[in-house]
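Quick notes on the structure that follows.
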Amino acid sequence: HIYTWSMNPRYPSCLGRPCPPCSPPDIPSLVPYLEFTVITKIASGGWMSAAVSVEGELFIWGCGSPGSESIAVLSERTGDCEEEDEGEGDEFIRVVEIKVDGKETRVLDVAVGDGHAIVLVEEIGEDGRTEESLWGAGRNEEGQLGLGRGAPGFVKEFVRIGGFGGGMKVRQVVARGWSSWVVCDGEGSHEFDSSLESVKEWFGFVCGRGLGVGEHGWG
């Protein structure tokens, strides 16, 4: 079960639940929509949270950082993007489906920073082989989505992050503030643009700007 609470009641959508008198915002209370879902991963950053179920479903709730936009699934949708379809959900929780070439994927991991999210998905080919890919959406002023120097400062829909694959196995995705990290292992051919740094053996890729340490992920 997931319980949420906050001492700041100004953003009720960040709790993913209603706040009647019996479960006020400052008291840990159950998120009803996820009550009967087995959750394997929870991530939270800024004003947005996400969870992954044992079946590989992705749930997102909250809103964009004050003064910034919200990603498409959390705002009014115009609705015909293939990569991200509006799934089921309730007033607070949104179910995000990321498709590759029109085919559904299984979500393996998710990370949430200050207004951006990184998602690791697994694609199953017609031959039964699996391939992983990374997707990102949200704030990108500091390059935290790893899309390259010319990418826009905000990406509303989830888009694929290039440069991963070719024999590499993604172990974990992490996001904090305006930075993102992807930990991989394995050898493989790969090409990265100038927004990604790598370390051999256990590959560690960082993009964006560090929060609290005053260091830039560029070098």
Does some side-chain heavy atom of [Y] sit less than 4.5 Å from a side-chain heavy atom of [X]?
{"X": "R17", "Y": "L30", "result": "no"}
{"X": "Q172", "Y": "W181", "result": "no"}
{"X": "W47", "Y": "S13", "result": "no"}
{"X": "T105", "Y": "W135", "result": "no"}
{"X": "W61", "Y": "L34", "result": "yes"}
{"X": "W5", "Y": "D26", "result": "no"}

Between [X] and [Y], which heavy-atom pair has the shortest distance, and what is it?
{"X": "Q144", "Y": "W178", "answer": "CB-O, 3.3 Å"}
{"X": "V100", "Y": "S133", "answer": "CG2-OG, 4.5 Å"}
{"X": "V170", "Y": "C184", "answer": "CG2-SG, 3.8 Å"}
{"X": "R94", "Y": "V73", "answer": "CG-O, 3.2 Å"}
{"X": "G136", "Y": "V155", "answer": "O-CG1, 4.4 Å"}
{"X": "G146", "Y": "I161", "answer": "O-CG2, 3.8 Å"}

List the residues meeting salt bridge (charged side-chain N to carboxylate O under 4.0 Å, His left out) with E123, not counting sequence neighbours, and say none if there are none.
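For E123 the salt bridge (charged side-chain N to carboxylate O under 4.0 Å, His left out) partners, ignoring immediate neighbours, are R160.
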Look at the side-chain heavy atoms of Ile, Leu, Val, Met, Phe, Trp and Tyr, link any pair under 4.5 Å apart, and say whether [X] and [Y] land in one connected group.
{"X": "I93", "Y": "L15", "value": "no"}
{"X": "V95", "Y": "I42", "value": "yes"}
{"X": "V96", "Y": "L74", "value": "yes"}

Which value, rounded to the nearest 0.5 Å, describes the distance between [X] atom [atom1] and [Y] atom [atom2]?
{"X": "E104", "Y": "E97", "atom1": "CD", "atom2": "CD", "result": "5.5 Å"}
{"X": "H116", "Y": "S179", "atom1": "NE2", "atom2": "OG", "result": "7.5 Å"}
{"X": "I2", "Y": "S49", "atom1": "CD1", "atom2": "OG", "result": "8.5 Å"}
{"X": "S6", "Y": "I27", "atom1": "OG", "atom2": "CD1", "result": "12.0 Å"}
{"X": "F158", "Y": "I71", "atom1": "CZ", "atom2": "CD1", "result": "4.5 Å"}
{"X": "E122", "Y": "T130", "atom1": "CD", "atom2": "OG1", "result": "4.5 Å"}

Can you name the residues that form a side-chain contact (heavy atoms from CB on, under 4.5 Å) with P21, not counting sequence neighbours?
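Scan of P21 (side-chain contact (heavy atoms from CB on, under 4.5 Å), adjacent residues dropped) gives none.
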Sidechain-backbone polar pair: S180 side chain, L145 backbone, donor-acceptor under 3.5 Å
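No.
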Examine distances only and state if a side-chain atom of K156 and a backbone atom of A137 form a donor-acceptor pair shorter than 3.5 Å.
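Side chain of K156 to backbone of A137, a donor-acceptor pair under 3.5 Å: no, none is there.
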Under 3.5 Å, which donor-acceptor pairs do the side chains of residues 106-115 form with other protein atoms, sequence neighbours left out?
| from | atom 1 | to | atom 2 | distance (Å) |
| --- | --- | --- | --- | --- |
| R106 | NH1 | E55 | O | 3.2 |
| R106 | NH2 | V54 | O | 2.9 |
| D109 | OD1 | K41 | NZ | 2.6 |
| D109 | OD2 | V173 | N | 3.1 |
| D114 | OD1 | S65 | OG | 2.5 |

